[in-house]
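Input: a single structure, listed below in structure tokens.
Letters A, B, ... are given to chains in the order of the sequence lines, protein chains preceding strands, and every chain is numbered from 1. Bear in mind that the values here come from a model prediction, so they are computed numbers and not experimental data.
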Amino acid sequence: MKIYNTITRKTEEFVTHEPNLVKMYVCGVTVYNDAHVGHAMSALVFDIIRRYLMYRGYEVKYVMNYTDVDDKIINRANELGVPPLELSNRYIEDYARDLQSLNVLPATSNPQVSKTIPLIIQFIAGLIEKGHAYAASNGDVYFRVTSDEDYGRLSGRKLEDMQAGARIEVGEAKDHPMDFALWKAAKEGEISWDSPWGKGRPGWHIECSAMNLAELGEQIDIHGGGNDLIFPHHENEIAQSECYTGKEFSRYWVHNGMLQLGGEKMSKSLGNIVSIKEFLSKREADVMRMLVLNGTYRAPLLFNNDTLDAAEKNVARLKSGLKPASPSAKGLAPEAESTLKSAAESAKANFIEAMDNDFNTAGAIAALFELVKMINTARDNGATQAQIQPAQESFRELSNVLGLKLEDKQGSEGADAFINLLIEVRGEVRKQKLWAMSDLIRDRLKELGVTLEDSKDGTTWKWS
RNA sequence: GGCGUCGUCGCCAAGUGGUAAGGCAAGGGUCUGCAAAACCCUUAUUCGCGGGUUCGAAUCUCGCCGACGCCUCCA
């Protein structure tokens with residue numbers, strides 16, 4: 001199995017620290033308003049990776065954190081007049097529901113900054129002790145970037161280059177302009193905790209280093225997140241963790257590309273946001289997942305009506321493979337049956353080959369389409385349900401690995417009886433060849449979200 | 001300006017040295033009263049542009065052009 005590693009910029013063989021165990025940490029969200037579909041992309045990418053690792057026999061310890069102490073949370077809480085942790089807790093619950101709606105498996109654990117303060121303080125004290133950090137005159141504690149020889153190796157930057165950037169201002173309390181805050185002194189009335197350096201709260205990056213240590217230990221296998229986190233967030237995490245433990249922090253760094261809305265990255269600061277809830281009110285979760293699967297997780301992903309419509313059709317096409325055989329099917333010849341069987345086997349082999357190559361989901365999806373076509377052909381040729389069942393089960397197994405539900409849409413409960421009645425009446429009308437009336441029933445039902453499909457065995461229907 | 005990713009059919013997108021997957025859209029056909037769905041057939045001598053390496057390159061290399069991301073909070 002191969003995996004692209006940001007830190008080496010190479011696709012490498014995947015080898016874990018411990019056999020059959022993957023320790024995986026994914027940067028979650030800062031909880032202060034509704035999560036958007038860009039967050040969904042990231043969550044889906046790592047959910048797919050996790051599911052595949054599980055499928056390949058690994059136990060996966062999957063940690064996703066919540067940043068619940070931060071400037072933005074504090075500002076928003078002040079606007080709304082609620083305590084910051086109350087606000088963040090509300091959005092933590094909200095995000096958990098969003099993820100569930102997207103069929104993202106729950107993390108093994110979801111640490112929060114506010115519950116990790118003692119360890120964070122211990123971590124910072126340890127860095128000071130080793131000369132990697134210092135308490136400044138203003139009550140902040142900073143990490144000393146010049147104390148880390150490797151600083152910049154994830155993002156491929158050199159300290160000299162970074163200083164050349166025009167936007168960097170030398171903070172009066174910092175020894176070096178690139179030094180970053182581990183601990184921020186509290187402003188008047190702000191949420192804070194006691195520490196050896198006075199009242200304050202953790203800086204952004206230290207939380208992830210501390211929570212990693214608490215949840216997974218000194219060394220992990222995969223650290224994931226959006227590629228916008230490479231610098232400074234992940235760069236700083238590496239600096240902190242490796243200076244603290246003296247060991248390589250994460251073996252593989254995995255970063256997803258950004259969702260593009262109108263040619264630009266979707267982000268809070270640009271304001272071009274579609275929330276997950278807004279998306280799910282219009283399309284099913286499988287559509288978002290299919291959009292991600294059809295692309296490359298590391299590349300930018302186009303999010304617009306055209307790509308979403310295509311994803312929706314792809315989902316419908318996959319669902320077609322799960323339709324049952326006709327009850328009156330005459331059965332398939334033995335050689336056709338074995339063709340289907342070998343199609344299922346080669347689909348599985350192609351699926352694994354694609355996914356083993358740095359989670360090539362587009363290739364994996366192609367394998368599923370091939371299998372769907374073979375199943376549909378067999379059904380068209382008169383296969384019985386017993387004959388297509390094994391291939392459908394293989395197909396189910398593989399689509400589950402990708403987290404696709406492929407469920408039929410649900411309409412109003414209790415409508416079934418009435419719809420069936422209409423279909424029965426229409427059947428009588430059709431016997432009398434009253435086509436105009438028959439088509440009227442079909443068209444009106446379509447408008448109401450019910451699609452009829454006539455076949456030799458009668459009429460079937462589904463919500464659309 | 002620095003660092004990085006990328007540019008393959010109308011659209012989305014695999015393929016990373018051996019002669020272009022898959023889906024959508026489009027056209028033709030089978031089935032159907034007509035549809036829908038499904039199935040069959042057709043649709044890139046060519047991979048941003050220009051050199052180079054090689055028996056052979058979309059795949060390696062150099063240059064150029066273009067897009068996007070990061071360098072400031074961000075999945």
Side-chain angles (χ1 to χ4, degrees), chain A residues 4 6 9 11 26-30 35-46 67 70-72 152 154-158 160-169 178 204 224-233 235 255-260 263-270 290-291 293-296 298-302 304 306-321 323 350 354 357 360-370 372-373 375-381 430 433-436 438-439 442-443 446 451-456 459-460 462 464:
Chain A
Y4 181 85
T6 306
R9 292 188 203 97
T11 303
V26 176
C27 283
V29 293
T30 301
H36 58 68
V37 287
H39 298 121
M41 177 196 179
S42 188
L44 288 167
V45 162
F46 291 103
T67 298
D70 157 276
D71 284 342
K72 291 200 165 143
L154 176 68
S155 55
R157 292 153 208 256
K158 295 182 182 118
E160 309 86 77
D161 296 340
M162 290 190 260
Q163 287 179 79
R167 285 145 145 176
I168 295 163
E169 289 168 30
M178 291 312 293
W204 178 32
N227 67 14
D228 54 348
L229 295 182
I230 293 172
F231 190 91
H233 187 53
E235 190 73 75
H255 293 99
N256 64 275
M258 294 291 103
L259 197 71
Q260 303 286 124
E264 276 182 314
K265 165 185 154 184
M266 178 181 296
S267 79
K268 291 170 187 171
S269 48
L270 291 170
M290 179 57 82
L291 188 72
L293 289 167
N294 186 50
T296 308
R298 293 194 276 127
L301 182 64
L302 268 45
N304 57 49
D306 290 345
T307 58
L308 287 171
D309 285 347
E312 196 160 81
K313 282 170 182 166
N314 282 343
V315 170
R317 173 143 189 83
L318 287 184
K319 283 180 186 173
S320 76
K323 287 180 188 164
N350 291 339
N357 181 21
N360 177 0
T361 51
I365 284 287
L368 293 188
F369 280 122
E370 308 269 357
V372 163
K373 183 176 281 189
I375 292 170
N376 287 340
T377 299
R379 191 195 301 102
D380 277 8
N381 289 341
R430 289 180 75 211
K433 304 194 186 226
L434 299 172
W435 307 125
S438 162
D439 292 349
R442 188 174 62 198
D443 293 346
K446 178 82 182 174
T451 302
L452 301 190
E453 292 180 7
D454 297 326
S455 76
K456 295 185 193 81
T459 300
T460 59
K462 63 177 183 186
S464 57

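- Atom CZ in A:Arg157 sits roughly 10 Å away from atom C1' in B:G69 (whole-Å rounding).
- Rounding to whole angstrom units, CE of residue A:Met290 and P of B:A13 are separated by 14 Å.
- The partner of B:U5 is B:A67, by the rule that a Watson-Crick or G-U pair needs both atom distances under 3.5 Å.
- When side chains are defined from C-beta on, A:Thr67 counts as touching A:Asp70, because their heavy atoms get closer than 4.5 Å.
- Between B:A37, B:A75, B:A38, one nucleotide has an atom nearer to the side chain of A:Lys323 than all others, and that is B:A37.
- A:Asp309 pairs by the side chain to side chain donor-acceptor pair (under 3.5 Å) definition with A:Arg283, not counting sequence neighbours.
- Each of A:Asp306 and A:Ala316 was matched to the nucleotide of RNA chain B holding its nearest heavy atom; the match closer to the 5' end belongs to A:Asp306.
- Among the nucleotides B:C6, B:C73, B:C68, the one closest to the side chain of A:Lys72 is B:C73.
- The side chain of A:Ser320 lies closest to B:A38 when the candidates are B:C70, B:A75, B:A38.
- Nucleic acid contact for A:Gly28: sugar-phosphate only, since backbone atoms but no base atoms lie under 4.0 Å from a heavy atom of the residue.
- Nucleotides B:C12 and B:G17, compared at atom C1', are 27 Å apart to the nearest Å.
- Using a 4.0 Å heavy-atom cutoff across all strands shown, A:Ile365 reaches no nucleic acid atom at all.
- B:G52 and B:C40 have their P atoms separated by 45 Å, with the value rounded to a whole Å.
- Partners of A:Lys313 according to the side chain to side chain donor-acceptor pair (under 3.5 Å) rule, which considers only residues two or more places apart in sequence or in another chain, do not exist here.
- Rounded to an integer number of Å, the gap from CG of A:Asn294 to P of B:A25 is 13 Å.
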Tabulated below should be each protein N or O lying under 3.5 Å from an N or O of nucleotides 15-18 of chain B; please produce it.
| residue | atom | partner | partner atom | Å |
| --- | --- | --- | --- | --- |
| B:G15 | OP1 | A:Asn360 | ND2 | 3.4 |

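- Across all strands shown, B:G18 is found opposite B:C55 as a Watson-Crick or G-U wobble partner, with both distances under 3.5 Å.
- Rounded to whole Å, the separation between the C1' atoms of B:G2 and B:G48 comes to 25 Å.
- Atom P of B:C60 sits at a distance of 50 Å from the matching atom of B:A35, rounded to the whole Å.
- In this structure, A:Met178 atom CE and B:U72 atom C1' are separated by 10 Å, rounded to whole Å.
- The interatomic distance linking A:His233 (NE2) with B:A75 (P) rounds to 9 Å, in whole Å.
- Sequence order on RNA chain B of the closest nucleotides to A:Arg379 and A:Asp70 puts A:Arg379 first from the 5' end.
- Among B:C24, B:A21, B:C40, the nucleotide with an atom closest to any side-chain atom of A:Ala310 is B:C24.
- Distance from the side chain of A:Ala362 is smallest to B:A13 among B:A75, B:A13, B:C39.
- In this structure A:Asn360 satisfies the side chain to side chain donor-acceptor pair (under 3.5 Å) test with no other residue, sequence neighbours excluded.
- Between B:G15 and B:G4, the distance separating the two C1' atoms is 23 Å to the nearest Å.
- A straight line from CD of A:Glu312 to P of B:C12 spans 18 Å, rounded to a whole angstrom.
- A:Asn304 meets the side chain to side chain contact (heavy atoms under 4.5 Å, CB included) test with A:Leu302, A:Asp306, A:Thr307; sequence neighbours excluded.
- Within 4.0 Å of A:Gly38, counting heavy atoms only, lies at least one base atom of the nucleic acid.
- Judged as a salt bridge (Lys or Arg N to Asp or Glu O under 4.0 Å), and not counting sequence neighbours, the contacts of A:Lys323 are A:Glu453.
- Taking 4.0 angstrom as the limit, A:Arg9 places none of its side-chain polar atoms (N or O) nearer than this to OP1 or OP2 of B:C3.
- Using a 4.5 Å cut-off on side-chain heavy atoms (C-beta onward), A:Ser455 and A:Thr460 make no contact.
- As rounded to the nearest Å, B:G69 and B:U53 have P atoms that lie 38 Å from one another.
- Judged by Watson-Crick or G-U wobble contacts below 3.5 Å, the nucleotide B:C47 has no partner.
- Shown here, B:C39 forms a base pair with B:G29; the pair counts as Watson-Crick or G-U wobble because both key distances fall under 3.5 Å.
- In this structure, the side chain to side chain contact (heavy atoms under 4.5 Å, CB included) partners of A:Arg442, at least two apart in sequence or on a different chain, are A:Arg426, A:Asp439, A:Leu452, A:Asp454.
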Nucleotides 28-36 of chain B: protein proximity per nucleotide (B base, S sugar-phosphate only, - neither; heavy atom, under 4.0 Å) = -----BBBB
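- Here A:Lys313 lies in heavy-atom contact (under 4.0 Å) with sugar-phosphate atoms only.
- Within the 4.5 Å cutoff, the side chain of A:Val372 has no heavy atoms near those of the A:Lys319 side chain.
- Taking the C1' atom of each, B:U16 and B:U5 are spaced 15 Å apart, rounded to whole Å.
- For the side chain to side chain donor-acceptor pair (under 3.5 Å) test, residues two or more places apart in sequence or in another chain that qualify with A:Asn256 are A:Ser42.
- Remark: A:Arg317 is not positioned above the aromatic ring of A:Phe369, lacking an NZ or CZ atom under 6.0 angstrom from the ring centre and at most 45 degrees off the axis.
- In this structure, A:Leu154 places its CG atom 13 Å from C1' of B:C71, rounding to the nearest Å.
- Residue A:Asn376 is classed as a sugar-phosphate contact, given heavy-atom separations below 4.0 Å to backbone atoms only.
- B:U8 and B:C41 have their P atoms separated by 27 Å, given to the nearest Å.
- A:Ser155 and A:Glu235 get closest at one heavy-atom pair: OG-OE1, 2.5 Å.
- Closest to the side chain of A:Glu370, from the set B:A75, B:U5, B:G22, is B:G22.
- Regarding A:Asn304, its CG atom lies at a distance of 9 Å from the C1' atom of B:C12, rounded to whole Å.
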